[in-house]
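Let me begin by presenting the structure, written as structure tokens, before commenting on it.
These numbers were taken from a predicted model, which means no experiment stands behind them. The figures here come from the full heavy-atom set of this structure, side chains too, leaving out hydrogens, waters and symmetry mates. The chains referred to below are lettered A, B, ... by the order of the sequence lines, with proteins before strands, and numbering in each begins at 1.
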Protein chains: 2
Amino acid sequence: MKRRTKKERQQHLLQTIEENPFITDEQLATQFNVSVQTIRLDRMELSIPELRERIKDVAAKNLENEVKSLPLDEVIGEIVDIELDTRAISIFDVREEHVFQRNGIARGHHLFAQANSLAVAVINDELALTVRANVLFAKPVKAGDRVITKATVSGQNIEKNRTYIEVTSTVNNSVVFKGEFEMYRTKGKGESDETSY
Amino acid sequence: MKRRTKKERQQHLLQTIEENPFITDEQLATQFNVSVQTIRLDRMELSIPELRERIKDVAAKNLENEVKSLPLDEVIGEIVDIELDTRAISIFDVREEHVFQRNGIARGHHLFAQANSLAVAVINDELALTVRANVLFAKPVKAGDRVITKATVSGQNIEKNRTYIEVTSTVNNSVVFKGEFEMYRTKGKGESDETSY
DNA sequence: TATGTATTAGCACTTGGTACTAACACCAGT
DNA sequence: ACTGGTGTTAGTACCAAGTGCTAATACATA
């Protein structure tokens with residue numbers, strides 16, 4: 001059926017292309033029962049690029065994402081200062097994708113992930129694993145907040161290959177998260193590799 | 001400079017296109033100092049599709065990824081069974097992107113995320129936040145492992161709006177992770193909303 | 001010298017467009 | 001009844017980045 005007005009059709013057009021950027025003008029023309037030229041005029045008015053450009057945009061976004069998601073898998077948050085086996089600081093900007101849609105509060109595991117990543121990073125060893133963690137989520141964190149996390153090595157047990165780390169996260173100097181991490185490592189602080197595995 | 005052999009050039013071609021799928025035959029021809037036709041023949045022999053197809057492929061992959069990465073932000077692991085305010089079970093397949101490159105062991109925060117997600121999900125409330133967690137990483141988890149996580153509500157403190165949850169994760173019936181979660185919620189188990197916030 | 005492989009050139013054709021011109025339909029205002 | 005504006009359609013020339021095909025040329029090797 002013919003859409004009543006031009007506006008209605010254009011509204012629909014925007015939505016259709018948003019959902020499926022791979023659609024050609026000809027397919028759109030058939031779908032809306034208008035000529036290909038009308039679709040072209042519509043696209044121009046709405047400044048929607050042609051099929052190939054649309055696809056290229058989607059593809060380009062993909063390459064961006066690859067760059068973005070990789071470090072996200074490696075270390076959560078950006079390490080800004082580190083003194084191996086002593087302390088480390090990282091920054092994590094909370095964005096929309098990290099919070100509950102319902103109330104805008106950051107999901108706990110993102111804060112945990114930042115702390116855990118930092119605890120792993122501060123240990124000067126090839127193999128560092130989290131054995132145990134006691135964490136406290138002191139205050140809700142919202143999208144837009146910049147979380148600054150400090151990890152400090154607080155102790156060691158060389159016989160058990162353990163390192164203890166205290167982690168504190170703050171937003172605007174107010175503590176939002178605290179954690180104690182017990183980490184396993186193959187080698188003691190500053191040791192070379194004669195230590196038994 | 002001209003590449004010595006056809007094979008060398010084709011090897012290089014594969015690599016170049018892999019790195020930058022947005023390159024045209026003409027650009028490739030200039031780069032390798034051969035004619036456009038030669039590049040076309042090479043692509044045919046190597047069954048490399050034309051520029052537009054390559055871009056389309058990248059874009060299509062992107063749309064797939066969007067669908068994949070969204071639920072990952074919402075809940076880590078797939079919930080297979082749930083009885084609200086009582087217990088819940090989820091499954092999480094550990095893949096390459098979840099493990100340390102160096103030793104193939106899953107990063108702790110992914111296991112924590114699965115447990116935390118499940119603890120939030122089991123609570124029958126609009127607002128559920130993690131207040132505190134004590135977790136133990138009992139055994140390393142590797143890529144390919146299927147982690148089965150069970151969350152059980154173990155207690156409540158109605159005055160303090162707290163719910164306590166025990167979480168256990170196993171791989172092949174062997175415990176790999178245990179956690180106690182203290183959760184904040186606005187309403188008590190089964191209550192309606194007259195409770196104070 | 002003949003043969004095979006690699007390379008290059010040229011032409012017709014394809015898709016999915018842009019850019020532009022022209023025609024027509026219809027509705028409102030004067 | 002004529003004019004004007006908006007919306008729609010048709011048609012043409014052109015473009016990028018190809019495919020598919022034929023033909024010519026170079027070069028080495030048997």
Side-chain angles (χ1 to χ4, degrees), chain A residues 1-70, chain B residues 1-70:
Chain A
M1 337 139 183
K2 281 226 190 223
R3 296 282 147 220
R4 200 66 46 87
T5 68
K6 187 172 152 180
K7 272 206 172 152
E8 273 182 354
R9 187 189 57 234
Q10 294 194 342
Q11 196 55 40
H12 225 83
L13 191 73
L14 265 169
Q15 208 184 314
T16 308
I17 292 180
E18 172 92 18
E19 276 167 29
N20 173 20
F22 296 82
I23 198 166
T24 65
D25 286 357
E26 203 162 329
Q27 291 175 292
L28 287 164
T30 317
Q31 195 168 317
F32 291 113
N33 244 334
V34 292
S35 71
V36 173
Q37 283 79 357
T38 304
I39 296 292
R40 310 247 223 248
L41 287 171
D42 283 350
R43 277 205 296 100
M44 266 164 226
E45 284 183 32
L46 301 167
S47 2
I48 299 171
E50 62 165 297
L51 172 72
R52 284 145 178 165
E53 289 305 314
R54 292 195 305 261
I55 292 181
K56 215 187 277 179
D57 290 348
V58 176
K61 231 182 251 170
N62 195 351
L63 292 195
E64 271 178 44
N65 282 353
E66 264 178 48
V67 180
K68 264 189 213 149
S69 71
L70 215 94
Chain B
M1 341 130 187
K2 280 224 192 232
R3 299 276 147 228
R4 200 66 46 87
T5 68
K6 189 173 150 177
K7 272 209 171 149
E8 271 182 354
R9 187 187 57 234
Q10 293 193 343
Q11 195 56 40
H12 225 83
L13 192 72
L14 264 169
Q15 206 184 316
T16 308
I17 292 179
E18 172 93 19
E19 277 168 29
N20 173 22
F22 297 81
I23 197 165
T24 65
D25 285 358
E26 203 162 329
Q27 291 175 294
L28 287 163
T30 318
Q31 196 169 317
F32 290 113
N33 245 334
V34 293
S35 71
V36 174
Q37 283 80 355
T38 302
I39 296 292
R40 310 248 222 249
L41 288 171
D42 283 349
R43 276 203 297 98
M44 267 164 228
E45 284 183 32
L46 300 168
S47 4
I48 298 171
E50 62 166 297
L51 172 71
R52 285 143 176 168
E53 290 305 313
R54 291 194 308 259
I55 292 181
K56 217 188 277 180
D57 290 347
V58 175
K61 231 181 251 170
N62 196 352
L63 290 195
E64 270 178 47
N65 282 351
E66 263 178 48
V67 180
K68 265 188 213 152
S69 70
L70 216 94

Candidate nucleotides D/dA10, D/dG7, C/dT7, ranked by approach to the side chain of B/Lys6 - the nearest: C/dT7
Spacing between B/Phe32 atom CZ and C/dT7 atom P, to the nearest angstrom: 12 Å
Proximity to the side chain of A/Thr38 - top-ranked nucleotide from D/dT8, D/dG18, C/dT7: D/dT8
Any B/Phe32 side-chain heavy atom under 4.5 Å of B/Thr16 side chain: yes
Interatomic distance where CG belongs to B/Leu28 and C1' belongs to C/dT8 [whole Å]: 17 Å
Side chain to side chain donor-acceptor pair (under 3.5 Å), paired with A/Asp42, selected from A/Gln37, A/His12, A/Gln10: A/Gln10
Distance in angstrom units between B/Asp42 CG and D/dG18 C1', rounded: 16 Å
Atom-to-atom span, CD of A/Gln10 to P of D/dG7 - whole angstrom: 9 Å
Shortest non-hydrogen contact between A/Phe22 and B/Ala59, atoms and distance: CZ-CB, 3.8 Å
Sugar-phosphate only, base, or nothing, as touched by A/Arg54 at under 4.0 Å among non-hydrogen atoms: nothing
Whole-Å distance separating the CG atom of B/Leu51 from the P atom of D/dC15: 19 Å
Any B/Leu51 side-chain heavy atom under 4.5 Å of B/Ile23 side chain: no
Nearest listed nucleotide, side chain of A/Gln37, among C/dG16, D/dA10, C/dT18: D/dA10
Minimum-distance nucleotide (side-chain atoms of B/Val34 versus D/dG18, C/dT8, C/dG17): C/dT8
Closest to side chain of B/Glu50, choosing from C/dA9, C/dT18, D/dG18: D/dG18
A/Asp57 CG to C/dG17 P, straight-line distance once rounded to whole Å: 14 Å
Value in whole Å for how far the C1' atom of D/dT9 lies from CG of A/Leu41: 9 Å
Length of the CZ-C1' vector between B/Arg9 and C/dA6, whole Å: 8 Å
Any B/Arg52 side-chain nitrogen or oxygen under 4.0 Å from OP1 or OP2 of D/dT19: no
Contact nearer the 5' end of DNA chain C, comparing B/Val36 with B/Lys56: B/Val36
Sidechain N-carboxylate O distance under 4.0 Å for A/Lys6, A/Glu45: yes
Nucleotide of D/dT9, D/dT19, C/dT18 approaching A/Arg40 most closely (side-chain heavy atoms): C/dT18
